[in-house]
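Numbering of ligands and ligand atoms starts at 1, following listing order. Below, each value reflects all heavy atoms present in this structure, side chains not excepted, and no hydrogens, waters or symmetry copies.
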Amino acid sequence: MYCVRKITEDIYFVGGSDRRLSLFENMYPIPNGVTYNAYFIDDAKTAVVDTVDKAVGDLFFENVEHLLGGRALDYVVVNHMEPDHCATLGALCEKHPETKIICSAKAAGLIAQFFKADLEDRIEQKKEAETLDLGKHTLTFYAAPMVHWPEVTVAYEKTSGILFSADAFGTFGATDGCLFADEADFGEAEYAEARRYYANIVGKYGAQTTALLKKAAGLDIKMLCPLHGPVWRKDFETFIEKYQLWGTYTPEEQGVLIAYGSVYGGTQNAAEILAAKLAEKGVKVKLYDVSVTHPSYLVAEAFRFSHIVFASSTYNNGIFTPMETLLLDLKAHMLKNRTVALVQNGSWAPQSGKLMREILDGMQNITVLEETVNLRSTVKENNLAEIDALCDALCATM
Ligand code: FEO
């Protein structure tokens, strides 16, 4: 049975929530699920704006047919060709041979790659600032390359002031019947998931995100309709400000993320002592075991905080494997503009400090503090002085 929600008098949400998927993109844990958003514009010409993942395909088709009420579907707009949004595009086009596909030139190429059916004759390509007139509503398309794939467009509907923002302003998390962020009490926990979504999915493409924000600043936006998470009809200035920080790799908060990788507890002990000393000085600290916490959460915390301490055992004459994964993940996501400190441990041949520094040296504008902690198996008296010095150096750079 259909389950639609009204956004305006004639624009509807026709997507759905998936609470069964454990890994988004087969990589990122989504303990609270995810939504796949699609929208329907009911006008002289009817249009669906983006389709959905197969997981919610049945509901999506019920929703669209309910709103069409036997009418033709004139257009399907494809802002983003990643299969979490386009997996049902082929089936929609089969059900509705009358429907024209509206998309960018790059999306047209991807449609040919993803679908067996020849849809080429049904595609109407839109260039920058070109429009689609539906009657009362007009969509204007803007390229948003690499937010998150190269073909991405966003669409601004001027009657309602809605920006259909594709992956931008998306977040992990299924909705509980609430469509709007203000209904859902979108607070710190939800922003943490929005940050984790942004940092991991789009984080590498900060320059492109910033370029999109500049384009969007010229529009009179009254609502944001992203492809994941709630619709924003008010109070989205904070979200936009966070995007401005994330897109420029500017820390949101002065504070220290301590990520430790410990085999038998010595490195963990040093990390805990450092965290306690920082907390005593009034510094905000978050401490994570890299073997326990999925790297996607740590990438998000690294985008949040100004300072990061990497504390790692030496393992196989290298960096403790989960720590190496985290460092390479941060490098791949182009994290920059951070102050970093290192704690190394090694029972017979400590290597992790040198090797972590080599990865960090390949990243932009990462200041590695000279003060380090050098453990041989466990924390000894001489290490306490090193930890004090490191604590002071971190505080001095805040
Ligand atoms: Fe939600 Fe890039 O797809």
Practice task
Compute both the distance and the angle, then confirm whether Lys284 meets the cation-pi test with Phe305: under 6.0 Å from the six-membered ring centre, within 45 degrees of the axis.
Solution key: no

Between side-chain atoms of residues 177-189 and protein atoms elsewhere (two or more places apart, or another chain), which donor-acceptor pairs fall under 3.5 Å?
{"unit_1": "Asp182", "atom_1": "OD1", "unit_2": "Arg233", "atom_2": "NE", "d": "3.0"}
{"unit_1": "Asp182", "atom_1": "OD2", "unit_2": "Arg233", "atom_2": "NE", "d": "3.2"}
{"unit_1": "Asp182", "atom_1": "OD2", "unit_2": "Arg233", "atom_2": "NH2", "d": "2.8"}
{"unit_1": "Glu183", "atom_1": "OE1", "unit_2": "Arg5", "atom_2": "NH1", "d": "3.1"}
{"unit_1": "Glu183", "atom_1": "OE1", "unit_2": "Leu179", "atom_2": "N", "d": "2.7"}
{"unit_1": "Glu183", "atom_1": "OE1", "unit_2": "Phe180", "atom_2": "N", "d": "2.9"}
{"unit_1": "Glu183", "atom_1": "OE2", "unit_2": "Arg5", "atom_2": "NH1", "d": "3.3"}
{"unit_1": "Glu183", "atom_1": "OE2", "unit_2": "Arg5", "atom_2": "NH2", "d": "2.9"}

Fill in the blank from the handout: When Thr153, Leu132, Thr131 are each screened for side-chain contact (heavy atoms from CB on, under 4.5 Å) with Thr140, the one that passes is Thr131

Taking distance alone, no hydrogens or angles, what donor-acceptor pairs closer than 3.5 Å link side-chain atoms of residues 104-118 to residues at least two apart or in another chain?
{"unit_1": "Ser104", "atom_1": "OG", "unit_2": "Ala107", "atom_2": "N", "d": "3.1"}
{"unit_1": "Ser104", "atom_1": "OG", "unit_2": "Glu151", "atom_2": "O", "d": "2.8"}
{"unit_1": "Asp118", "atom_1": "OD1", "unit_2": "Glu120", "atom_2": "N", "d": "3.2"}

Fill in the blank from the handout: Exactly one candidate in Thr46, Ile102, Val48 meets side-chain contact (heavy atoms from CB on, under 4.5 Å) with Val76; the answer is Val48

Problem - Environment of atom 2 (Fe) of ligand 1 in terms of protein N/O/S atoms, cut-off under 2.8 Å - result: His80 NE2, Glu82 OE1, His148 ND1, Asp167 OD2

Exercise for the section: Would you please name every residue forming a side-chain contact (heavy atoms from CB on, under 4.5 Å) with Lys222, sequence neighbours left out? Expected result: Asp220

